[in-house]
Amino acid sequence: MLPLQNIKVLDVSQIMAGPYCTMVLADMGAEVIKVEKLNGGDDSRQMGPYVNGESTCFSQINRNKKSISLNLKDERARQIFYRLAADADVIVENYRPGVTKSLSIDYDTIKEINPGIVYCSISGYGQTGPYSHKGGFDLVAQGMTGLMSMTGEEGRRPLKTGIAVYDIGGGITAVYSILAAHIHKMKTGEGQHIDIAITECGLPWFTWEAAAYFSEGTVPGPTGWRHRVSAPYQAVKAKDGYLMLGCANQRTWERFCGDVLKHASLMEDPRFLTNHDRGQHVDELESLLEELMAHQTVDEWLALCDTAGVPAGPINDFAQAMQDEHYLARGMVEEMDHPVIGKMKTIGFPSKFSRTPAQIRSSAPLFAQHTDEVLEQLGLSGEERDTLRAEGCIK
């Protein structure tokens with residue numbers, strides 16, 4: 001058994017936030033039917049890099065799903081969608097607000113067909129509010145929420161994060177919200193509509209920043225490679241590069257001074273007595289640490305930190321991360337067979353279930369690969385499907 005076995009999901013989303021959500025649900029066993037538009041399907045199918053003409057971007061985020069293609073502007077296609085929705089547990093869509101209503105596949109329409117449906121809408125700014133009509137993207141969210149004002153170095157150009165953190169965050173928020181709504185449905189039989197805004201899903205992550213702002217009015221700024229509360233909790237330079245050092249409490253700092261640096265006198269320096277003191281003198285502290293650490297390599301310092309129980313780690317590039325023995329041992333790099341791409345590697349599932357582990361059961365589907373299979377299960381004959389296909393209703 002998989003955790004979400006026998007849960008049926010209709011995925012009417014594309015690009016990243018919605019597909020990431022439904023990929024996680026599929027990895028945990030849900031049957032996900034991806035409903036794609038006739039003209040090329042999910043837009044990420046047109047995003048490179050490509051292998052044998054197939055998008056590897058699409059293939060990374062759409063594993064374990066089936067693909068059908070419906071022209072939802074056609075009443076006959078909508079009737080097919082309604083029949084699928086009648087038997088579904090979850091619908092995920094990420095159209096701009098108002099589009100699903102214009103297509104007559106919105107929550108109010110679907111709940112008349114299936115009152116227990118858990119219907120999740122992911123959009124830039126949500127279904128309500130003064131910005132709801134706007135299109136929203138990850139990059140806009142990073143700027144709007146203050147994230148970019150805290151990223152980078154003081155006085156320099158604002159920087160975005162290296163990945164689409166709000167798109168992925170929107171998908172993750174959708175996953176736990178859907179599971180909560182499904183538990184409620186199991187208890188009461190009631191379905192509901194979930195409204196998720198990409199531009200606000202990350203705001204709850206700013207817990208410590210909110211603590212400082214709401215209590216003191218402190219507006220956090222960029223801290224570069226340092227932390228705004230703890231010190232030294234940052235990147236530090238060694239002989240051949242940088243490592244991340246995490247002295248997040250007094251005991252760790254003392255172990256670092258005595259057991260790693262062999263400079264116990266640092267603990268008695270009035271500038272560095274407490275975490276607050278170290279934060280107030282972080283420039284002097286950093287300069288002193290890098291002077292002391294300049295004679296040994298990153299690997300040598302990491303070995304000393306490991307022995308002393310001081311949290312520290314390398315600053316890997318992505319290739320190094322994907323080759324790290326720990327991630328490999330934990331199954332975070334897996335291989336699957338794609339009918340066009342061939343053997344391809346993908347990121348594994350991060351949660352380790354003792355009884356119901358998630359599985360990568362199939363590669364991402366080819367465009368409209370399962371249209372005939374799914375419609376045949378609905379009872380549509382080959383002749384009916386041929387007619388609908390010829391008339392531009394299905395692909």
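Sequence positions, counted from 1, serve as the residue numbers for this chain.
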Verdict with reasoning, R226 to D283, per salt bridge (charged side-chain N to carboxylate O under 4.0 Å, His left out): CA-CA 10 Å; R226 298 169 177 166; D283 289 334; 2.7 Å; yes

Hey, mind stepping through E36 and S69 against side-chain hydrogen bond (donor to acceptor under 3.5 Å, both in side chains) and telling me if it holds? CA-CA 5 Å; E36 302 190 63; S69 183; over 6 Å; no

Dump the intermediate steps for salt bridge (charged side-chain N to carboxylate O under 4.0 Å, His left out) on E286 and K237, then the final yes or no. CA-CA 9 Å; E286 180 180 294; K237 189 175 183 180; over 6 Å; no

Is there a side chain to side chain contact (heavy atoms under 4.5 Å, CB included) between L289 and F256 once you walk through the steps? CA-CA 11 Å; L289 292 182; F256 178 66; 3.8 Å; yes

Test K160 against L147 for side chain to side chain contact (heavy atoms under 4.5 Å, CB included), laying out the working first. CA-CA 8 Å; K160 69 178 186 66; L147 180 62; over 6 Å; no

For H295 and K239, what are the C-alpha separation, side-chain angles and deciding distance, and is it a side chain to side chain contact (heavy atoms under 4.5 Å, CB included)? CA-CA 6 Å; H295 64 286; K239 181 178 180 179; over 6 Å; no

E153 and L159: CA distance, side-chain angles, deciding distance, side chain to side chain contact (heavy atoms under 4.5 Å, CB included) verdict: CA-CA 9 Å; E153 300 175 30; L159 298 177; over 6 Å; no

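A donor and an acceptor atom, one from each side chain of Q127 and S132, are nowhere located under 3.5 Å apart. Looking at T22 and K34, their side chains never bring a donor and an acceptor atom within 3.5 Å of each other. Side-chain contact check for Y131 and T199: no donor-acceptor pair (N or O, by modelled atom type) lies under 3.5 Å. In this structure, a donor-acceptor pair under 3.5 Å is present between the side chains of D138 and Q142. When only modelled atom types and interatomic distance are considered, D42 and S44 share a side-chain donor-acceptor pair under 3.5 Å. In summary, the side chains of T346 and Q60 do present a donor paired with an acceptor at a separation below 3.5 Å, with no hydrogens or angles considered.
Looking only at distances, no side-chain donor or acceptor of Q296 sits under 3.5 Å from a matching main-chain atom of M293. A donor-acceptor distance shorter than 3.5 angstrom exists from the side chain of Q369 to the backbone of L366, with no hydrogens or angles considered. Of the possible donor and acceptor atoms, none in the side chain of N71 sits under 3.5 Å from a partner among the backbone N and O of L38. Under the 3.5 Å distance criterion, the side-chain polar atoms of R228 are matched with a main-chain donor or acceptor of G221. With S215 contributing its side chain and A211 its backbone, the two residues share a donor-acceptor pair below 3.5 Å. Judged by distance alone, the side chain of Q79 and the main-chain N or O of D74 form no donor-acceptor pair under 3.5 Å. At least one donor-acceptor pair closer than 3.5 Å links the side chain of N64 to the backbone N or O of Q359. Counting only distance, with no hydrogens or angles, the side chain of N52 and the backbone of E54 share no donor-acceptor pair below 3.5 Å. Without hydrogens or angle criteria, H263 side chain to S265 main chain gives no donor-acceptor distance under 3.5 Å. Between the side chain of T56 and the main chain of P49, a donor-acceptor pair closer than 3.5 Å is present.
Neither I196 nor F137 shares a network with the other; the hydrophobic side chains, linked directly or stepwise wherever heavy atoms of I, L, V, M, F, W or Y lie under 4.5 Å apart, form separate groups for each. The hydrophobic clustering, which links ILVMFWY residues whose side-chain heavy atoms are closer than 4.5 Å, places I194 and I113 apart. Hydrophobic clustering of Ile, Leu, Val, Met, Phe, Trp and Tyr side chains at less than 4.5 Å, counting indirect connections, keeps V229 apart from M150. Residues V9 and Y95 fall into different hydrophobic clusters, defined by Ile, Leu, Val, Met, Phe, Trp and Tyr side chains chained together at heavy-atom separations under 4.5 Å. I7 and V12 fall into different hydrophobic clusters, where Ile, Leu, Val, Met, Phe, Trp and Tyr residues are linked whenever their side-chain heavy atoms come under 4.5 Å apart, directly or through other members.
The existence of a salt bridge linking R389 and D372 is confirmed by a sub-4.0 Å separation between a basic side-chain nitrogen and an acidic carboxylate oxygen. Under a 4.0 Å N-O distance rule, the pair K65/E31 does not qualify as a salt bridge.
Taking OG of S67 as the start and CG of N62 as the end, the distance is 8.5 Å to the nearest 0.5 Å. Between C57 atom SG and R45 atom CZ the span is 12.5 Å, to the nearest 0.5 Å.
Take A308 and apply the side chain to side chain contact (heavy atoms under 4.5 Å, CB included) test, not counting sequence neighbours, and it matches D259, V260, V310. Residues satisfying the ring-ring contact (aromatic ring centres under 6.0 Å, His included) test with Y233, not counting sequence neighbours, are H227. Contacts of H326 classified as ring-ring contact (aromatic ring centres under 6.0 Å, His included), with partners at least two apart in sequence or in another chain: none.
The shortest non-hydrogen separation linking W253 to P232 is CE3-CD, 3.5 Å. Pairing each heavy atom of G170 with each of I122, the nearest pair is O-CD1, 4.5 Å. Scanning both residues, K345 and V333, for their nearest heavy atoms gives CD-CG1, 4.0 Å. Between H338 and S59, the closest heavy-atom pair is NE2-OG, 3.7 Å. Pairing each heavy atom of R83 with each of L380, the nearest pair is NH1-CD1, 3.4 Å. For S121 against Y119, the heavy-atom pair with the smallest separation is OG-CE2, 3.4 Å.
Surrounding NZ of K185 are more than 12 heavy atoms belonging to other residues, nucleotides or ligands, all under 6.0 Å away. Enclosure of atom OH in Y327 is not indicated, since only 12 or fewer non-hydrogen atoms of other residues, nucleotides or ligands lie within 6.0 angstrom. E291 CD: 12 or fewer foreign heavy atoms inside a 6.0 Å radius. Residue Q320 qualifies as enclosed at atom CD: its count of foreign heavy atoms under 6.0 Å is above 12. Applying the 6.0 Å contact sphere to CG of N39 captures no more than 12 heavy atoms from other residues, nucleotides or ligands. Within 6.0 Å of NZ in K352 there are more than 12 heavy atoms belonging to other residues, nucleotides or ligands. Around the CH2 atom of W208, the shell of radius 6.0 Å holds no more than 12 heavy atoms that belong to other residues, nucleotides or ligands. Atom CZ of R330 has 12 or fewer neighbouring heavy atoms from other residues, nucleotides or ligands inside a 6.0 Å radius.
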